[in-house]
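What follows is a single structure, written as structure tokens, with notes after it.
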Amino acid sequence: MGDNDVIDVPANPNFLIGSILFNIYTTTNEFPATLSLTDDRVVSFRVELLLQYE
């Protein structure tokens, strides 16, 4: 997840806020329609992916 703004001082408009590593498919979840991801940091963020397979 990135910070994309132009008001940083000093100027650094694009930098990494955080990231989550994950596998979309596992042997236990098969092919999920929705995947919710949350990191475990003090200031956490949540990402919800809606998936479609072709």
Side-chain angles (χ1 to χ4, degrees):
M1 175 176 263
D3 174 10
N4 187 11
D5 59 19
V6 293
I7 59 172
D8 289 344
V9 176
N12 184 9
N14 301 306
F15 59 91
L16 181 65
I17 295 174
S19 62
I20 299 174
L21 298 175
F22 63 95
N23 292 317
I24 291 176
Y25 174 84
T26 67
T27 56
T28 56
N29 76 355
E30 297 183 357
F31 293 99
T34 303
L35 191 59
S36 296
L37 308 168
T38 305
D39 72 348
D40 293 326
R41 297 184 177 150
V42 175
V43 178
S44 64
F45 65 91
R46 181 172 182 236
V47 175
E48 184 173 271
L49 301 174
L50 304 176
L51 305 169
Q52 181 178 353
Y53 304 90
E54 295 183 14

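Side-chain atoms are counted along with the backbone in the values below, which use heavy atoms only and exclude waters and symmetry mates.
Distance check, rounded to the nearest 0.5 Å: CG of D39 to CG of L21 gives 11.0 Å. L51 CG to T34 OG1: the interatomic distance, rounded to the nearest 0.5 Å, is 7.0 Å.
More than 12 heavy atoms of other residues, nucleotides or ligands lie within 6.0 Å of CD in E48, so this atom counts as buried by the packing criterion.
Hydrophobic clustering (side-chain heavy atoms under 4.5 Å, transitive across Ile, Leu, Val, Met, Phe, Trp, Tyr) groups L49 together with F31.
Between the side chain of Y53 and the main chain of P32, a donor-acceptor pair closer than 3.5 Å is present.
Closest non-hydrogen pair, I24 versus F22, comes out as CG1-CE1, 3.6 Å.
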